[in-house]
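In what follows, a structure is listed as structure tokens, so that the remarks can point back to it.
Quick note: residue numbers are just sequence positions, from 1. Whatever order the structure lists ligands and atoms in, that order sets their numbers, starting from 1.
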Amino acid sequence: MSNNKTLVISIEGGDGAGKSTVIELIAVHLQELSLPFIITREPGGVRISEQIRSITLDKNLQEMDVRTEALLFAAARRQHLVEKVKPAVEQGKLVIIDRFVDSSMVYQGYVRGIGVDEVYNMNLFATEGFLPDLTLYLDVDPKVGLDRIAQNPDREINKLDLEGLHFHERVREGYLSLVERFPNRIVTIDANQSVEAVTNAVIKEIELRL
Ligand code: TYD
């Protein structure tokens, strides 16, 4: 990377936006560039956070209170940040995170109705104000996203995947409101295009900042 600048990039998007596939393809591309990088995910990325993930996404735990859920996502975020993200930044690596605090603001804050500000403020305890340098939001039409989910038989079905079109529309509304709120940090990528086109658009945004 030029001038030793470290870079943390989060990738966000509604379910079915193609995020997982695009991230796999970005990894292949970055390997070819021989750049030091890590790709990690939320909730998860380290042992403790992966265990929290299995609780938050367990489709049998439907009785989970929404604030409990928000606190668990924040706890997973905290552990992942201190144990994996910050050390990688200190080693000068490019860090790509599959989801970060924007997911909580959208899913728990906006869609589940806790309030975007409230969720953001609660997360400040976990993150101590840390935000990615860049967030790429993969914006997909909720109908296209749901079709993609239906067509992918290998997908692990989690609690949120059991939601219908209205939920996915609300997720998109939530993200669009964050794009307006953080115009300097969040860049929108049109994810209705082919996976190759989306991947190229993401790579272009990353390379602009290297
Ligand atoms: P993820 O593994 O990224 O699934 P997907 O492949 O569907 O993108 O995320 C799992 C789910 O966790 C996803 O439906 C969104 C949800 N989530 C929250 O509700 N809040 C959060 O803070 C995070 C990080 C994820």
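Ion pair D102/R181 not flagged as a salt bridge, since none of the NZ, NE, NH1 or NH2 atoms sits closer than 4.0 Å to an Asp/Glu carboxylate oxygen. Salt bridge annotation for E90-K86: absent, with no cationic side-chain nitrogen under 4.0 angstrom from a carboxylate oxygen. Between R78 and E83, none of the side-chain N atoms (NZ, or NE/NH1/NH2) sits under 4.0 Å from a carboxylate O, so this pair counts as no salt bridge. Between E118 and R67 there is a salt bridge, with a side-chain nitrogen of the basic residue lying less than 4.0 Å from a carboxylate oxygen of the acidic one.
With R172 contributing its side chain and D139 its backbone, the two residues share no donor-acceptor pair below 3.5 Å.
Only the side chain of K19 comes within 4.0 Å of ligand 1, counting heavy atoms alone; its backbone N, CA, C and O stay farther away. By the criterion of a heavy-atom distance under 4.0 Å, neither the backbone nor the side chain of H80 is placed next to ligand 1. Contact annotation: for L57 versus ligand 1, heavy atoms closer than 4.0 Å belong to the side chain alone. Looking at S20 against ligand 1, only its side chain comes within 4.0 Å, counting heavy atoms. At a heavy-atom distance under 4.0 Å, only side-chain atoms of D98, from C-beta outward, approach ligand 1. When non-hydrogen atoms are compared, ligand 1 lies under 4.0 Å from neither the backbone nor the side chain of E69.
For ligand 1, the atoms closer than 4.0 angstrom to any heavy atom of P43 are 24 (C), 25 (C). Below 4.0 Å from some heavy atom of S104 lie the following atoms of ligand 1, by number and element: 21 (C), 22 (O).
For the atom pair CZ (F37) and CG (L210), the distance works out to 11.5 Å, reported to the nearest 0.5 Å.
Of the N or O atoms in Q108, one or more lie within a sub-3.5 Å distance of an N or O in ligand 1. Where the criterion is an N or O separation shorter than 3.5 Å, residue side chain and backbone included, Y107 fails it with respect to ligand 1.
Remark: E169 engages no residue in a salt bridge (Lys or Arg N to Asp or Glu O under 4.0 Å) (not counting sequence neighbours).
Within the set D15, V119, V106, I11, the minimum heavy-atom distance to atom 13 (C) of ligand 1 is found for D15.
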Donor-acceptor pairs under 3.5 angstrom involving side-chain atoms of residues 194-204: please list them, not counting sequence neighbours.
| from | atom 1 | to | atom 2 | distance (Å) |
| --- | --- | --- | --- | --- |
| S194 | OG | A197 | N | 3.1 |
| T199 | OG1 | V195 | O | 2.7 |
| N200 | ND2 | E196 | O | 3.4 |

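Residue contact check for ligand 1: R53 places a non-hydrogen atom closer than 4.0 Å to it.
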